[in-house]
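Step one of this worksheet: look at the structure below.
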Amino acid sequence: MSNQVTSHQPSTRVTPVVVHNGVAHVSGQLPRENGVLALRGKVGAEVSVVQAQSAAALSINACLEQLRNAIGPEGRIERIIKITGFVASAPGFNQQGAVIDAASDILLDQFGPSGAHARSAVGVAELPHGAPVEIEMIAAVTI
């Protein structure tokens, strides 16, 4: 079995994006480049904060890509409501917020005031496939 994880969809039991009544819920996205997990390990051990911030950027861009695919070319992202960032953390690591700041910065840069969002940054023991970061997002959309 290969170590490469190439699917953007974590499971056949999961829908990448659910849109209901103008609110889109984007399933957790891992940091992938060209469909392959870009980094593995725990932040504060094998993965530095700077590397984890790059992973967070990849994850939030994957959220946006999934969202844009779901709403199509006629759809519009009106506002980012909330993101939740999960950080695979080594014991004693407590800079989860600094890691997820990279994702928040991208949203603010791309959407201005409409990118201002509520946020949780959570340290966890493990993430799927050994990823250091996973991000999920909620956004207001029109289709």
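All values below were derived from every heavy atom in this structure, side-chain atoms included, with hydrogens, water molecules and symmetry-related copies excluded.
Closest approach of Val47 to Ala52, counting heavy atoms only: CG1-N, 3.8 Å. Scanning both residues, Ala131 and Ala88, for their nearest heavy atoms gives O-CB, 3.6 Å. Residues Val17 and Ala24 share a closest heavy-atom pair of CG1-CB, 4.2 Å. In terms of heavy-atom proximity, Gln66 sits nearest to Pro16 at OE1-CB, 3.3 Å. Shown here for Leu58 and Ala38, the closest heavy-atom pair between the two residues is CD1-CB, 3.7 Å.
A salt bridge is absent between Glu136 and Lys82; no separation between the charged side-chain nitrogens and carboxylate oxygens falls under 4.0 Å.
Between the Ser89 side chain and the Val87 main chain, a donor and an acceptor come within less than 3.5 Å of each other. Gln96 places a side-chain N or O within 3.5 Å of a backbone atom of Phe93 that can act as its donor or acceptor partner. Panel note: side chain Arg119, backbone Gly97; a donor-acceptor pair is recorded below 3.5 Å.
To the nearest 0.5 Å, atom CG of residue Leu67 and atom CE of residue Met137 are 4.5 Å apart. The CG atom of Leu127 sits 12.5 Å away from the CZ atom of Arg40 when rounded to the nearest 0.5 Å. Atom CD1 of residue Ile100 and atom CG of residue Asp105 lie 11.5 Å apart, to the nearest 0.5 angstrom. In this structure, CG in Leu64 is found 8.0 Å from CD1 in Ile106, a value given to the nearest 0.5 Å.
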From CA spacing to verdict: side-chain contact (heavy atoms from CB on, under 4.5 Å), Ser104, Ile83: CA-CA 8 Å; Ser104 293; Ile83 66 171; 3.9 Å; yes

Applying side-chain contact (heavy atoms from CB on, under 4.5 Å), run through Asn61 and Gln110 and close with a yes or a no. CA-CA 11 Å; Asn61 283 326; Gln110 285 193 27; 3.9 Å; yes

For a side-chain contact (heavy atoms from CB on, under 4.5 Å) check, start with the C-alpha distance between Ile80 and Ile138, then their side-chain angles and the critical distance, and finish with the verdict. CA-CA 6 Å; Ile80 306 301; Ile138 301 171; over 6 Å; no

For a side-chain contact (heavy atoms from CB on, under 4.5 Å) check, start with the C-alpha distance between Gln29 and Ile135, then their side-chain angles and the critical distance, and finish with the verdict. CA-CA 5 Å; Gln29 298 296 309; Ile135 298 177; 5.7 Å; no

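You'll find the side chain of Glu33 stays beyond 4.5 Å of the side chain of Val36, heavy atoms only. Contact check for Leu37 versus Pro31: side-chain heavy atoms found under the 4.5 Å cut-off. Residues Leu39 and Gln51 form a side-chain contact, since some pair of their non-hydrogen atoms from C-beta on lies under 4.5 Å apart. The closest side-chain heavy-atom distance from Leu107 to His117 is below 4.5 Å. Side-chain atoms of Glu126 and Lys42, non-hydrogen and from C-beta on, do get closer than 4.5 Å to each other. Between Arg68 and Ile77, the closest side-chain pair of non-hydrogen atoms falls below 4.5 Å. Looking only at side-chain heavy atoms (C-beta outward), Leu30 and Val133 stay at 4.5 Å or farther from each other.
Both Phe111 and Val141 belong to a common hydrophobic cluster when Ile, Leu, Val, Met, Phe, Trp and Tyr are linked at side-chain heavy-atom distances under 4.5 angstrom.
Side-chain N/O atoms of Glu134 and Ser59 include no donor and acceptor closer than 3.5 Å.
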